[in-house]
Amino acid sequence: MENIVILTGAGISAESGLKTFRDSDGLWEGYNIEDVATPEAWARNPQMVQQFYNERRKSVLEAQPNLAHFALAKLEEKYQVTIITQNIDDLHERAGSTNVVHLHGVITRSQSSLNPALTYPINGWEIKMGETCELGSQLRAHVVWFGEAVPMIETAARICSDADIFILVGTSLAVYPAAGLINYVPRQVTRYIIDPNIPVSSGSRVVEMPYKATIGVPMLVEELMG
Ligand code: APR
């Protein structure tokens, strides 16, 4: 079985109603990263950080997977598929994908503020101040903030180096180390890029598909299933 590796970003969930980060109406237009997505922000104002992620969680729980998420799940009928996602939503899983690596965590789980390896399911949309982990420290969202380690990055790099086909969907490739993963894909492997704004310059093995995810992904999946 051929091995397909897909790296996704916020663009794949945009048509499910979840904002991207760096588009003109993106989340980082309305918030400063330094205020809500760093360990320093948490130390300064944990209530504000908690509220920011509680709101994100609420939006994710209200959102539904779209045609792009569903099309990627269908690839498993013919290929070995790994999705590496930078997204903290769980829309790939809800669409039926069974092998998803969350590089930046997942908003539907909470995390100990003392030990990032301790994570828990969340009941509902809210983590309340005063809710603690088994070590007695405040629970926070299970997401990787700027300035924190990305524990899954080595696993993800290994997965990329085993790809027979590589697909990039809806990411600006602005954030490292995730953006560097494309460099682990073997040279001879075809890279399909689905994004209205193609983020990397072309090469002979790059197939640019400058479409929205719900158009471009089903189109490519139909071709690959052909
Ligand atoms: N279909 C496909 N792609 C789209 C769509 C769409 N409907 N709408 C927007 N895009 C593309 C944009 O053109 C852009 O290239 O999605 C990309 C979104 O880029 P970012 O907002 O930078 O999101 P992402 O690349 O996922 O960000 C990476 O930054 O702050 C963080 O931790 C956060 O995981 C996130 C990381």
Side-chain angles (χ1 to χ4, degrees), residues 6-42 49 52-53 55-57 59-60 63-72 83-92 95 100-109 111 116 140-153 156 160 166-183 191-202 206-221:
I6 305 147
L7 176 61
T8 66
I12 195 165
S13 297
E15 291 161 273
S16 291
L18 300 177
K19 281 187 176 188
T20 64
F21 296 94
R22 296 176 184 79
D23 288 306
S24 55
D25 62 341
L27 268 178
W28 298 149
E29 288 282 308
Y31 295 89
N32 287 320
I33 289 175
E34 298 74 21
D35 291 339
V36 293
T38 63
E40 292 76 17
W42 177 253
V49 174
F52 174 75
Y53 286 102
E55 284 165 14
R56 305 279 77 69
R57 189 173 307 104
S59 308
V60 165
Q64 299 299 328
N66 64 47
L67 291 176
H69 299 102
F70 285 116
L72 292 183
I83 297 178
I84 302 169
T85 188
Q86 298 167 84
N87 298 344
I88 57 175
D89 67 57
D90 61 350
L91 297 183
H92 285 302
V100 183
V101 174
H102 280 274
L103 272 184
H104 295 161
V106 64
I107 190 82
T108 51
R109 294 183 74 81
Q111 176 180 313
R140 51 168 270 192
H142 175 45
V143 300
V144 174
W145 289 326
F146 287 89
E148 290 190 314
V150 181
M152 293 306 287
I153 196 69
C160 289
F166 185 77
I167 306 172
L168 195 69
V169 189
T171 172
S172 63
L173 290 181
V175 171
Y176 283 82
L181 285 174
I182 196 165
N183 301 320
R191 299 122 208 268
Y192 296 92
I193 303 182
I194 302 168
D195 196 306
N197 302 301
I198 301 288
V200 280
S201 59
S202 345
V206 174
V207 179
E208 296 184 6
M209 302 180 69
Y211 310 115
K212 288 186 168 187
T214 60
I215 303 291
V217 176
M219 197 189 281
L220 176 59
V221 167

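Counting starts at 1 for both ligands and their atoms, in listed order.
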Tell me the contacting part of Val175 for ligand 1: side chain, backbone, both, or neither, using a 4.0 Å heavy-atom threshold, strictly below.
side chain
What protein heavy atom lies closest to atom 30 (O) of ligand 1? Include the residue and the distance to one decimal.
Trp28 NE1, 2.8 Å
If you take the nearest heavy atom of each of Gly11, Ala37, Gly170, which one is closest to atom 5 (C) of ligand 1?
Gly11
The protein heavy atom nearest to atom 28 (C) of ligand 1 is Gln86 OE1, 3.3 Å
Can you check whether His104 has an N/O within less than 3.5 Å of an N/O in ligand 1?
yes
Would you check the N or O atoms of Phe21, main chain and side chain alike, for any that come under 3.5 Å of an N or O of ligand 1?
yes
Residue Phe52 excluded, over 12 heavy atoms near CZ under 6.0 Å
yes
Starting from atom 22 (O) of ligand 1, find the nearest protein heavy-atom neighbour and note its residue, name and distance.
Ser172 OG, 2.5 Å
Return the residue, atom name and 0.1 Å-rounded distance of the protein heavy atom closest to atom 9 (C) of ligand 1.
Asp23 OD2, 3.2 Å
Under 3.5 Å between any N/O of Lys212 and any N/O of ligand 1: does that happen in this structure?
no
Which residue and heavy atom of the protein sit nearest atom 1 (N) of ligand 1, plus the separation
Ala213 N, 2.8 Å
Look at the side chain of Arg191 and the backbone N and O of Phe166, then say whether any donor-acceptor pair between them is shorter than 3.5 Å.
no
Side chains of His142 and Val106, heavy atoms from C-beta outward: is any pair under 4.5 Å?
yes
What protein heavy atom lies closest to atom 8 (N) of ligand 1? Include the residue and the distance to one decimal.
Ala14 CB, 3.9 Å
In ligand 1, which numbered atoms sit nearer than 4.0 Å to a non-hydrogen atom of Gly9?
26 (O)
Check for a donor-acceptor pair, side chain of Ser16 on one end and backbone N or O of Gln64 on the other, with a separation under 3.5 Å.
yes
Here the atoms of ligand 1 under 4.0 Å from any heavy atom belonging to Glu15 are 1 (N), 6 (C), 7 (N)
For Asn197, the ligand 1 atoms whose distance to one of its heavy atoms is below 4.0 Å
13 (O)
Below 4.0 Å from ligand 1: does a non-hydrogen atom of Pro196 turn up there or not?
yes
If you measure from atom 13 (O) of ligand 1 to every heavy atom of Val150, Asp195, Asn66, which option wins on shortest distance?
Asp195
Which residue and heavy atom of the protein sit nearest atom 25 (O) of ligand 1, plus the separation
Thr171 OG1, 2.7 Å
Mark yes or no for whether Asp195, through its side chain, and Val169, through its backbone, hold a donor-acceptor pair below 3.5 Å.
no
Closest non-hydrogen protein atom to atom 29 (O) of ligand 1, residue and atom name please, with distance?
Arg22 NH1, 3.0 Å
Does any N or O of ligand 1 fall below 3.5 Å from an N or O anywhere on Ala10, backbone included?
yes
